[in-house]
Asks: 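Below you will find the structure I want to go over with you.
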Amino acid sequence: MADDEEPPMAVQIQPDTSVEESIDAVSVGVTVITGYLGAGKSTLVNYILNGNHGKKIAVILNEFGEEIGVERAMINEGEGGALVEEWVELANGCICCTVKHSLVQALEQLVQRKDRLDHILLETTGLANPAPLASILWLDDQLESEVKLDCIVTVVDAKNLRFQLNERRDSSSFPEAFNQIAFADTIIMNKVDLISQEESDELEKEIHSINSLANVVRSVRCQVDLSNILDCQAYDSTRVSRFESLLEANKSLTTTDLHDSGVRTLCISEPQPIDLDKVRLWLEEILWDKKLDMDVYRCKAVLSIQNSDQMHILQAVKEIYEIVPGRKWSEEEARVNKIVFIGHKLDEEALKTGLRECRP
């Protein structure tokens, strides 16, 4: 199946005009699918829409491009907003639509339908950088917690990725491939049948040098286990064990094996408890004020806060961040602050100094 084929044939259904009370308080997870044209996004969507997985999944084919602008696409335009072209229902119970403008309104329509959804997939077309979408879905009051960001999936073409990473490296513009890898929680390395095992291993190593927090899944024709892209709960701060395992795996990260793009993952630690207010100010200087001239894409951390017996969890996507208390520290474990940054022009010494200065 070619990557640019149309979605599967389906029968149009009438829009559901009744608005019911939410069946339960559980938010519906949203998986954002991004990647270069031709990498396999449409193949992945078709694979899900045609699969016998027993889940009711809504797929939003998002057609807003850079010329419309992400900000406008995020605005709820009310009754007059032109958004959903049509809802279609597929044989396996999934539903599909195309959105041209207001994504927020489309999501609100979805969660108001009678039939309870298991998951929502959002395929981004013409949008190179998933960060604004992630910000809206992760911590946006407009959606009133009816949907939640589950994970960002980037599909890459194993045959052409190295060329895409090298593209325009010597110019002032920044290759899209770096953004898409840096923001991803799961990376589907598609078309691995077109390269050797050795090339696959090298490519996976290169991907992890940019984003070592991401789960890399190899595939042919995007046929992957759906557990890799559904219900990942990558932004759920209550899943402390996942954070701890990710940070443990990255604790020995050094600057010796750098990608020459300057995009990389970096881990720093601080054994002493830190002051929560100082940490917030420090983060805001980095994320908001760009004081150290670093471009941080993602950040995850386990923090040991002064006068608290609870481990605190930090997550950040570009300028948006949250710090929330997690489980209690156990008596025998070392209360160490561990922070993983993914970004461009990261200054390891400046970050270590800044974190050290957050001590009380």
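No experiment lies behind these values; they were computed from the predicted model shown.
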Asks: Run the numbers on N190 and S219 for side-chain hydrogen bond (donor to acceptor under 3.5 Å, both in side chains), then give the verdict.
Replies: CA-CA 5 Å; N190 193 32; S219 77; 2.9 Å; yes
Asks: Return the minimal non-hydrogen interatomic distance between E333 and K328, and the atom names on each side.
Replies: OE2-O, 4.2 Å
Asks: By ring pair (Phe, Tyr, Trp, His ring centres under 6.0 Å), which residues pair with F183, not counting sequence neighbours?
Replies: Y297
Asks: Please name the pair of heavy atoms, one in L287 and one in A316, separated by the smallest distance, quoted to 0.1 Å.
Replies: CD1-CB, 4.0 Å
Asks: Taking C-beta and beyond as the side chain, do N215 and D185 meet within less than 4.5 Å on heavy atoms?
Replies: no
Asks: Which atom pair, heavy atoms only, marks the closest approach of C232 to N228?
Replies: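 Closest approach of C232 to N228, heavy atoms only: SG-O, 3.3 Å.
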Asks: Could you grab the distance from atom OG of S212 to atom CD1 of I342, nearest 0.5 Å is fine?
Replies: 6.0 Å
Asks: Can you check whether A214's main-chain N or O pairs, donor with acceptor, with H208's side chain at less than 3.5 Å?
Replies: yes
Asks: Does V324 share a hydrophobic cluster with M311, counting links as ILVMFWY side-chain heavy atoms below 4.5 Å and allowing steps through other members?
Replies: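 In one cluster: yes.
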Asks: Minimum heavy-atom separation for I195 to A158, with atom names?
Replies: CD1-CB, 3.7 Å
Asks: Let me see the working for V155 and T43 under side chain to side chain contact (heavy atoms under 4.5 Å, CB included), right down to the final yes or no.
Replies: CA-CA 10 Å; V155 183; T43 306; over 6 Å; no
Asks: Are the charged groups of R335 and D309 less than 4.0 angstrom apart, N to O?
Replies: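 Not counted as a salt bridge, because no side-chain N and carboxylate O are separated by less than 4.0 Å.
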Asks: Are S304 and N337 linked by a side-chain donor-acceptor pair shorter than 3.5 Å?
Replies: no
Asks: Side chains of L161 and I207: does their closest heavy-atom pair fall under 4.5 Å?
Replies: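 Answer yes - side chains close enough.
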Asks: Going from SG on C222 to CG on L44, what distance comes out if it is rounded to the nearest 0.5 angstrom?
Replies: 5.0 Å
Asks: For the CG atom of D193 and the NZ atom of K159, what is their distance to the nearest 0.5 Å?
Replies: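 One finds 10.0 Å between CG of D193 and NZ of K159.
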Asks: What is the minimum heavy-atom distance between L165 and F178, and which atoms define it?
Replies: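 In this case the closest contact between L165 and F178 is O-CE1, 3.2 Å.
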Asks: Using 0.5 Å steps for rounding, measure from the CG atom of L266 to the CG atom of L351.
Replies: 6.0 Å
Asks: State plainly whether the residues E319 and K290 are in salt-bridge range, i.e. N to O under 4.0 Å.
Replies: yes
Asks: Side chains of I339 and L303: does their closest heavy-atom pair fall under 4.5 Å?
Replies: yes
Asks: Given Q164 and V156, is the side chain to side chain contact (heavy atoms under 4.5 Å, CB included) satisfied, shown in steps?
Replies: CA-CA 10 Å; Q164 290 160 352; V156 299; 5.7 Å; no
Asks: Do I313 and V336 share a hydrophobic cluster, counting only Ile, Leu, Val, Met, Phe, Trp and Tyr and linking them when any side-chain heavy atoms are less than 4.5 Å apart?
Replies: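 Cluster IDs for I313 and V336 differ.
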Asks: Taking all heavy atoms of C299 and all of F341, pick out the closest pair and write down the distance.
Replies: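 For C299 versus F341, the nearest heavy atoms are SG-CE2, 3.8 Å.
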Asks: So do the side chains of V30 and K148 get within less than 4.5 Å of each other, counting heavy atoms only?
Replies: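 Contact flag for V30/K148 side chains = no.
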Asks: Is there a side chain to side chain contact (heavy atoms under 4.5 Å, CB included) between L283 and I323? Walk through the geometry before answering.
Replies: CA-CA 11 Å; L283 282 172; I323 301 174; 4.1 Å; yes
Asks: Kindly indicate whether the side chain of K345, heavy atoms from C-beta on, has any atom under 4.5 Å from the side chain of D295.
Replies: no
Asks: Between D289 (side chain) and K291 (backbone), is there a donor-acceptor pair under 3.5 Å?
Replies: no
Asks: State whether the side chain of D157 and the backbone N or O of A39 hold a donor-acceptor pair below 3.5 Å, judged by distance alone.
Replies: no
Asks: Can you find a heavy atom in the side chain of E199 that is under 4.5 Å from one in the side chain of R162?
Replies: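 Side chain of E199 against side chain of R162, heavy atoms only: no contact under 4.5 Å found.
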Asks: Going by the side-chain contact (heavy atoms from CB on, under 4.5 Å) test, name the single residue among L230, I188, V217, V224 that passes it with V153.
Replies: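 Output: one option passes, namely I188.
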Asks: Enter the distance from D293:CG to H344:NE2 here, rounded to the nearest 0.5 Å.
Replies: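 Interatomic distance, D293 CG to H344 NE2, rounded to 0.5 Å: 10.0 Å.
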Asks: Less than 4.5 Å apart, side chain to side chain, heavy atoms only: is that true for L292 and D347?
Replies: no
Asks: Atom NZ in K41, atom CD1 in I33: separation rounded to 0.5 Å?
Replies: 9.5 Å
Asks: In terms of the angle between their ring planes, are Y321 and W288 parallel, tilted or perpendicular, with boundaries placed at 30° and 60°?
Replies: tilted
Asks: We want to know whether K300 and Q315 form a side-chain donor-acceptor pair, criterion being a heavy-atom distance below 3.5 angstrom.
Replies: yes
Asks: Is V220 reachable from V216 through a run of hydrophobic residues whose side-chain heavy atoms are each under 4.5 Å from the next?
Replies: yes
Asks: Going by heavy atoms in the side chains, are K55 and D231 under 4.5 Å from each other?
Replies: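 In contact.
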Asks: Tell me, which pairs form a salt bridge (charged side-chain N to carboxylate O under 4.0 Å, His left out) where one or both residues lie in residues 270-281, sequence neighbours left out?
Replies: E270-R359
Asks: Strictly distance-based, threshold 3.5 Å: is any side-chain N or O of T186 a donor or acceptor partner for the main-chain N or O of I229?
Replies: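 No, because the side chain of T186 does not come within donor-acceptor range (under 3.5 Å) of the backbone of I229.
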Asks: Any donor-acceptor pair under 3.5 Å linking the side chain of D150 with the backbone of Q233?
Replies: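 Checking the backbone N and O of Q233 against the side chain of D150, a donor-acceptor pair under 3.5 Å is found.
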